[in-house]
Amino acid sequence: MPLHPFAKQLQEHKFEGEKGEEYEGHEYGDFGDYFRKKLTKLENQFQEYVPVESDLFKDCIIYITGYTRPSAPELRRLINAHGGKICHYLAGKSYATHIVASSLTARKRQEYAKYKVVKPEWIVESINSNKRLPWHDFRTIKTEYNHSISPFAGQNSNAATEDPDKQVVDEQVDQEQVVDEPVVEEPPADQIPVDSKDASIPNILDPKFIEHFYKHSRLHHLSIWKGDLKRRFQKLAAESNQRTSQRALPATSSCRVILHVDFDSFFVAVSLLSHPQLSDRAVCVSSGSHGSSDIASCNYVARKFGVHNGMWMKQARELCPDLIAIPFDFEGYEKASAALYEVLLELKPDLLFPVSVDEALVDVTSLIPRNGSQDEGFQQKVSEFLENLRKEIKSRARVDASIGAGPNVVLAKIALRLAKPNGQKYIPASRALDVIHPLPISHLPGLGYSSVKKLASSKYEITTIGQISSAGQQVMIELLGNKIGTKMYEYSQGIDHTDISVIPSPKSIGVEISWGVRLADAHEVDIFIGNLISELCRRMKVQEICGSQMTAKLYKRHPQAPINPPKFLGHGHCEIYTKSSSVFPLTDQVETLTKIAQALIRSFNCPPTDVRGLGFQITKVSTTGQENTNQGTLNFPKSTTKNTDQLTPQTTPRKRTLTAPRSSGSLTPKKRPMTPDLESSPSKRGPTRAGNAPQFMTVTQQFREVRNKREPKEPKEPEPVDLSVLSSQIDTDVFAELPPEIQREIALQSKRQRKQPNFDPSRGRRSAPTEPARIRDPVISLYKPIEFCGMVDESSIRSKLRNWVRESASNDRRPYREDAENVQRFLITTAAEDQDWGKSKRLADWINKQVALCMGAATNEDILHEWTLLTEIFSDVVRRVLRDTRGITV
DNA sequence: GACTATTCTTAG
DNA sequence: CATCGCTAAGAATAGTC
Ligand SMILES: Nc1ccn([C@H]2C[C@H](O)[C@@H](COP(=O)(O)OP(=O)(O)OP(=O)(O)O)O2)c(=O)n1
């Protein structure tokens, strides 16, 4: 039986790249030889292996450094024997829960400040007393744990020092991590002024952390506001429907008037009400005024300098040195919003569809009388209507609003863009194409950063709406996929089928936090998950929503990202993993959902210290309450609009029109029991147990045999890759592929690490074009696609690599040297010669991710470590080759 | 080829 | 000292059988 089909497949293929040879070996170190030595080393360790005697250090991953007594090998043996794991390198993906050291230099002291550094006696005495003693009593560094990474003023360590003896039932937790009731320090009354308490951030494990974070998070506010508005208008619509008993409105019509109403630079405008003297200066709203603070909103003065919402302060200051930052005023935003919606409701429009706290779509067709299809005076009437409406909003909300108007939603939205700031614009159907074709495609709703770039860098070089029109629907589908492609083509024709008469019912509910998340160990992760799920369940109950599936999301620090990202307590550059599991029976109970959530997160097997964010979403929802599951529509009894819907061919809307009456006819909501619902789930699978894929039957001997057979081949001389160098160097990235904010973040990050930053995205783009070479330089293109096992297509290669990792994982196999060398050679060649310079980096990341995903708890520690090492080597080599051959460096 | 899970993209 | 990087929907894509 072939134990290693993959190895063979890889071996059979020879790489074409002539340059492959010279990159391999000498310049970048003979990785094969390194690898062989590594195996040898691991073999030696294997000989030291002793049977497990206890679980004392379960979940501990321990790094030993410096001279110790007992000696390091002896400590390793002890730790292994008592359920702990040894970590051989601190850097990169290797991680440690504890460091054992007798003494530390000042430098190391600093470096290890965030770790639990203990004396070797901790190990010895814990074993002697047969229980894990509080590490705190054996500290090597006599300052408070967490001091350097936590802004939380030692709350954690207070808890520890004050309850050193408190026993914790959970076996996984160190005693010092008792946080059931985090001690929140009350400031001494005599010296701390009233509001200074407000400024401090609660410990991440404290349920108050989430409360605090939400209170300050603009994005949270935006989302919550939006949800509230949605529900409010859904409900309103349901009531209004009941009263009218019949839906008075057509889903669409060819000659409606839709408004898109939106405040100008909303947050700034409102916040400026408290700082009127700054009105004509460049102003923005943000949490902080330092470099890594996000700009939530900036006024039009600042925009002239190129500043925009979502930009970081640092960059904005470069563009606009005089930029002034003022604080959020969430209450003010709510008030202005309330005023806006009040005005809009008073209009008694045909339809009112909330878009966000500061904007709404309004169908006012029946409010502006039209005499026949020939307008003449109609435009004038619209204009006056808009003028009056804007005046009314301004007087009630005290901030400027702009309004776009058109015969459908997309034209109204585009019109709004043209109207701003403090203006109005109506695009009548007759002039639609003339108006929109010259505009950049970024004006189209649905085309964001990524799609705009994709269209521009395609061979069609599409940058204007007119070009979409000329390119045709098929081209758009080719570039953007079926749905979006079709929709964007239609937009380019001024056509939009969007129906705002229905506010769709919720399809998911979730929470996520990726700021301030710094967790020391598995137990802390579990606690924080519990807090998140509590919040989630609270909302589920309020909204009467349950769902049969949970999806967990993990932000994991990218292996090459620094521990401390540029943004204070930010998530930094991360890998994002998601995984779902079924929830059965339906429930909104915290305990049940927490267990599921914890299992999902555990299945990622992420070192707790690398967790930078967590999120959970309930999907496949059903409403639990008696309230409407009917889709709401907001129309008003007085409305007399006629249904003139014959002309426009409808797809989605028509479908809905058919189903809607049925569900609103029978007012019975499709309520579902929250508790066991056996009959409704005959076809349902049982909950997929997260993270339980135990791979037994690992025949270690077999592998050793195989390995030995394959290993002793042509030994080579060159030097091994130096891992310490490897992990300390800076990440190379696919700059042109990343959103600008991310690019900046990575740039900042590397600046922090390096004395001299060497970063120039435009250079990267120029020297490694994905397409442009074709145009300017069709003949001399040095870059060509590199084959791997006969494949060029990136997704095929991914599959191949994935299978490699996965098969190895399921068989508890170490990476074969031949395979590893082949992959590395391929990566090198790709990095150096492939037309798409980002490919090598993406594939290296892909391998890393597959290793993280596949090499779960089932895999033996040494093997996992080896794969981890391998991914680090791949990433490093790719980075270096990119730098040396293309000058692409971060 | 149909079905499911995961990832990507967008918006405000 | 910093800073508060959320939420939901829809669609594409990858994976499974
Ligand atoms: N990345 C973003 C985008 C928006 N917002 C907030 C602040 C904005 O004031 C509000 C409304 O967003 P808009 O997109 O409507 O932008 P503005 O109202 O600020 O400016 P304008 O609508 O004039 O372009 O949402 C935010 O916090 N972060």
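Chain letters run A, B, ... following the sequence lines, proteins first, then strands; residues in each count from 1. Please read all numbers here as calculations on a predicted model, not as lab measurements.
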Considering every strand and a 4.0 Å limit on heavy-atom distances, what is the contact class for [X]: base, sugar-phosphate, or nothing?
X: A:Ser289; result: sugar-phosphate
X: A:Ile576; result: nothing
X: A:Val357; result: nothing
X: A:Gly481; result: sugar-phosphate
X: A:Glu535; result: nothing
X: A:Ser514; result: base

I'd like to know if [X] reaches the base of [N] with its side chain, counting only an N/O donor and acceptor under 3.5 Å.
X: A:Ser799; N: C:dG15; value: no
X: A:Ser217; N: C:dC4; value: no
X: A:His212; N: C:dC4; value: yes

Return the value, rounded to whole Å, for the distance between atom [atom1] of [X] and atom [atom2] of [N].
X: A:Phe353; N: C:dA8; atom1: CZ; atom2: C1'; result: 12 Å
X: A:Tyr555; N: B:dC8; atom1: OH; atom2: C1'; result: 12 Å
X: A:Lys507; N: C:dA9; atom1: NZ; atom2: P; result: 6 Å
X: A:Ile204; N: C:dT3; atom1: CD1; atom2: P; result: 18 Å
X: A:Leu480; N: C:dA12; atom1: CG; atom2: C1'; result: 11 Å
X: A:Leu447; N: B:dT9; atom1: CG; atom2: P; result: 13 Å
X: A:Lys849; N: B:dA5; atom1: NZ; atom2: C1'; result: 13 Å
X: A:Leu219; N: B:dT10; atom1: CG; atom2: P; result: 17 Å

Does [N] have its OP1 or OP2 closer than 4.0 Å to a side-chain nitrogen or oxygen of [X]?
X: A:Gln549; N: B:dA5; answer: yes
X: A:Lys215; N: C:dC6; answer: no
X: A:Arg218; N: C:dT3; answer: no
X: A:Lys567; N: C:dC4; answer: yes
X: A:Arg539; N: C:dC6; answer: no
X: A:Lys230; N: C:dA9; answer: yes
X: A:Arg806; N: C:dT16; answer: yes
X: A:Ser451; N: B:dT10; answer: yes
X: A:Ser292; N: C:dT3; answer: yes
X: A:Ser580; N: B:dT4; answer: no
X: A:Ser356; N: B:dA11; answer: no

Would [X] and [Y] pass as an ion pair if we require N to O under 4.0 Å?
X: A:Asp496; Y: A:Lys487; answer: no
X: A:Lys841; Y: A:Asp845; answer: yes
X: A:Arg539; Y: A:Glu535; answer: yes
X: A:Asp793; Y: A:Arg798; answer: no

Closest to side chain of [X], choosing from [options]:
X: A:Thr578; options: C:dC6, B:dG12, B:dT6; answer: B:dT6
X: A:Ser287; options: B:dT9, C:dA12, C:dC4; answer: C:dC4
X: A:Val355; options: C:dT7, C:dA8, B:dG12; answer: B:dG12
X: A:Lys483; options: C:dT16, C:dA14, C:dA11; answer: C:dA11
X: A:Leu222; options: B:dG12, C:dC4, C:dA8; answer: B:dG12
X: A:Trp515; options: C:dA12, C:dC4, C:dA9; answer: C:dC4
X: A:His290; options: C:dT16, C:dA2, C:dC6; answer: C:dA2
X: A:Phe213; options: B:dT10, C:dG5, B:dA5; answer: C:dG5

**Fill in**
The answer to which of A:Val511 and A:Ile484 contacts DNA chain C further toward the 5' end, by nearest nucleotide, is A:Val511
**Request:** For A:Tyr214 and for A:Ser286, locate the closest nucleotide of DNA chain C by heavy-atom distance; then report the residue assigned to the nucleotide nearer the 5' terminus.
**Result:** A:Ser286
**Request:** Name all residues meeting the ring-ring contact (aromatic ring centres under 6.0 Å, His included) criterion together with A:Tyr341; count only those two or more places apart in sequence or in a different chain, and write none if there are none.
**Result:** A:Phe233
**Request:** Only counting residues at least two apart or in another chain, list the ones meeting ring-ring contact (aromatic ring centres under 6.0 Å, His included) with A:Phe263.
**Result:** A:Phe266
**Asked** With a distance cut-off below 6.0 Å to the six-membered ring centre and an angular limit of 45° from the axis, does A:Lys849 pair with A:Tyr577 as a cation-pi contact?
**Response** yes
**Request:** Please test A:Asp262 against A:Lys420 for salt bridge (Lys or Arg N to Asp or Glu O under 4.0 Å), starting from the C-alpha separation and ending with a verdict.
**Result:** CA-CA 9 Å; A:Asp262 178 306; A:Lys420 277 174 174 294; 3.0 Å; yes
**Request:** Please give the angle, rounded to 10 degrees, between the axes at the start and the end of the helix from B:dG1-C:dC17 to B:dG12-C:dC6, where five pairs define each axis.
**Result:** 20°
**Asked** Do we see A:His216 stacking on the base of C:dC4, given a limit of 5.5 Å between centres and 30° between planes?
**Response** yes
**Prompt:** How long is the gap from NZ on A:Lys507 to CD on A:Gln617, to the nearest 0.5 Å?
**Reply:** 12.5 Å
**Prompt:** Relative to the ring of A:Tyr333, is the ring of A:Phe330 parallel (under 30°), tilted (30 to 60°) or perpendicular (over 60°)?
**Reply:** perpendicular
**Message:** If we ignore hydrogens and angles and just use 3.5 Å, is the side chain of A:Ser217 paired with the main-chain N or O of A:Phe213 as donor and acceptor?
**Reply:** no
